[in-house]
Amino acid sequence: MRSLVLRVPGWPGHLPGQHVDVRLTAPDGYQAQRSFSVASAPQDEHVMLTVERLDDGEVSPYLTEVLRPGDRLELRGPLTEWFVWEPSLGGPVFLVAGGSGIVPFMAMARTRAARRSPLPMRLLYSARSEDAIIYRSELDRLAAKGDGFDVVYTLTRTAPEGWPGPRGRVDEQLLAAIAWPPEATAQAFVCGPTAFVEAVASGLVAIGYEPPRIKTERFGPSG
Amino acid sequence: MTIKDETMRDTDMRLDGNVLGGVFSELFVEDMTRSRTTCAACGYAGPLAELHVYPQAPGMVARCPACSSVQLRVVADHRRWWLDFSGTRCIEVTLAATTPSAGEVIQEP
């Protein structure tokens, strides 16, 4: 996992949750392109992308290991107003992240904090182990403010002795315990690997969320 | 490899229609992921952002989330685009609420 901080002259500003397409062109003209969510908040000076390295990927090994400060990247974006939340869209908000699916939610949480929004936002974050939780200290700091943002981590593979939070995959039971009740008409966002997203979206429908209130962003393993 | 394995792998690799935002941004003025498509096969209408996209093909193949029929295909090379919307009966595009710019005449014609 690597966070890239980019200076993008003329960046038009983005909405929390938007993504960019990164295109790499080889000397022979071969092109590969992938989408990455923007992790930074719109008011931040630079654009931050957090990239997970996939061993057999075409793009992510380059971005995480080869790229050096001063190198240039071809970016397209910010893109689409679909998987987007900002305070004007209201709340409460329920975010469910699997692994690196946390990235667009960082932009949302950072924006909420920067704008001092009082709208309730709850994050359920599924990670393999405690070490695999990205942005842990920042998330804990945001939650400690007690201003309506809270986070629950669930560990799916290994949990340390005395781990206070839930263990195991996000299922209907965990969603029922953590999510805002359906009557709260929360907006739900789910981001992570495809199988994770589909299981969580089905679980949300099962506990009473209306499908139009659930937005999904699948991260394919094609990095 | 069994057929079952292949099916499972395909499902694991699909993305949302939202990922088409970039390629469409080169061709259309509006954010097409906000548009609604009607499936030519089953009549399901929903946001383009929620189609199931399989990016491993030479292009991008977007299937109906309700019936899995191919709704659209997008293939590009360096200078050309091929868009196959034959699986989409209708596309409803909502225009973004843009504020018109104020123009002031500063010189007589």
Side-chain angles (χ1 to χ4, degrees), chain A residues 12 14-15 17-23 25-26 28-38 54 56-59 74-84 88 98 101 104 189-199 201-202 205 211-223, chain B residues 5 7-37 44-63 65-66 68 74-81 92-98:
Chain A
H14 62 281
L15 299 168
Q18 285 191 303
H19 68 271
V20 296
D21 286 352
V22 174
R23 183 188 285 166
T25 305
D28 66 358
Y30 175 76
Q31 292 189 325
Q33 178 178 300
R34 296 293 182 273
S35 300
F36 297 97
S37 294
V38 179
L54 298 170
D56 55 352
E58 284 185 323
V59 174
E74 189 180 345
L75 294 183
R76 182 166 51 192
L79 296 168
T80 93
E81 295 179 16
W82 175 253
F83 196 84
V84 158
S88 68
F189 293 87
V190 188
C191 187
T194 300
F196 172 88
V197 166
E198 297 189 355
S202 304
V205 171
R213 294 199 168 274
I214 305 166
K215 289 192 174 174
T216 59
E217 182 111 285
R218 294 165 171 84
F219 275 18
S222 57
Chain B
D5 285 344
T7 308
M8 287 170 69
R9 199 178 63 181
D10 282 354
T11 306
D12 284 348
M13 296 178 88
R14 66 184 174 206
L15 304 175
D16 303 84
N18 202 31
V19 79
L20 295 170
V23 295
F24 283 163
S25 75
E26 294 198 348
L27 303 170
F28 298 98
V29 176
E30 297 294 334
D31 172 10
M32 294 299 286
T33 61
R34 295 168 66 244
S35 67
R36 288 169 66 82
T37 65
Y44 174 84
L48 187 143
E50 291 188 343
L51 295 179
H52 291 166
V53 172
Y54 295 80
Q56 295 78 23
M60 306 255 234
V61 176
R63 291 178 176 272
S68 298
V74 181
V75 180
D77 69 9
H78 296 306
R79 296 185 305 110
R80 289 169 298 183
W81 289 91
E92 174 190 325
V93 184
T94 303
L95 305 184
T98 52

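- Looking at every heavy atom in both residues, B:Gly21 comes nearest to A:Thr80 through CA-CG2, 3.4 Å.
- Pairing each heavy atom of A:Ser35 with each of B:Val19, the nearest pair is OG-CG2, 3.3 Å.
- Every side chain to side chain contact (heavy atoms under 4.5 Å, CB included) that B:Ala49 has, sequence neighbours left out, goes to A:Trp82, B:Asn18, B:Thr33.
- For B:Ala76, the side chain to side chain contact (heavy atoms under 4.5 Å, CB included) test picks out B:Trp81, with sequence neighbours left out.
- Contact annotation for B:Val53: neither backbone nor side-chain heavy atoms come within less than 4.5 Å of a heavy atom of chain A.
- Between the CZ atom in A:Arg218 and the CD atom in B:Glu50 there is a gap of 8.5 Å [rounded to 0.5 Å].
- In this structure, chain B has heavy atoms under 4.5 Å from both the backbone and the side chain of A:Thr216.
- With a 4.5 Å cut-off on non-hydrogen atoms, B:Asp31 touches chain A through its side chain but not through its backbone.
- Here the OG1 atom belonging to A:Thr194 is positioned 7.5 Å from the CG atom belonging to B:Asp16, to the nearest 0.5 angstrom.
- Closest non-hydrogen pair, A:Asp21 versus B:Gly22, comes out as OD2-CA, 3.2 Å.
- For A:Ile214, the part lying near chain B is the backbone, with the side chain staying farther off; criterion is any non-hydrogen pair under 4.5 Å.
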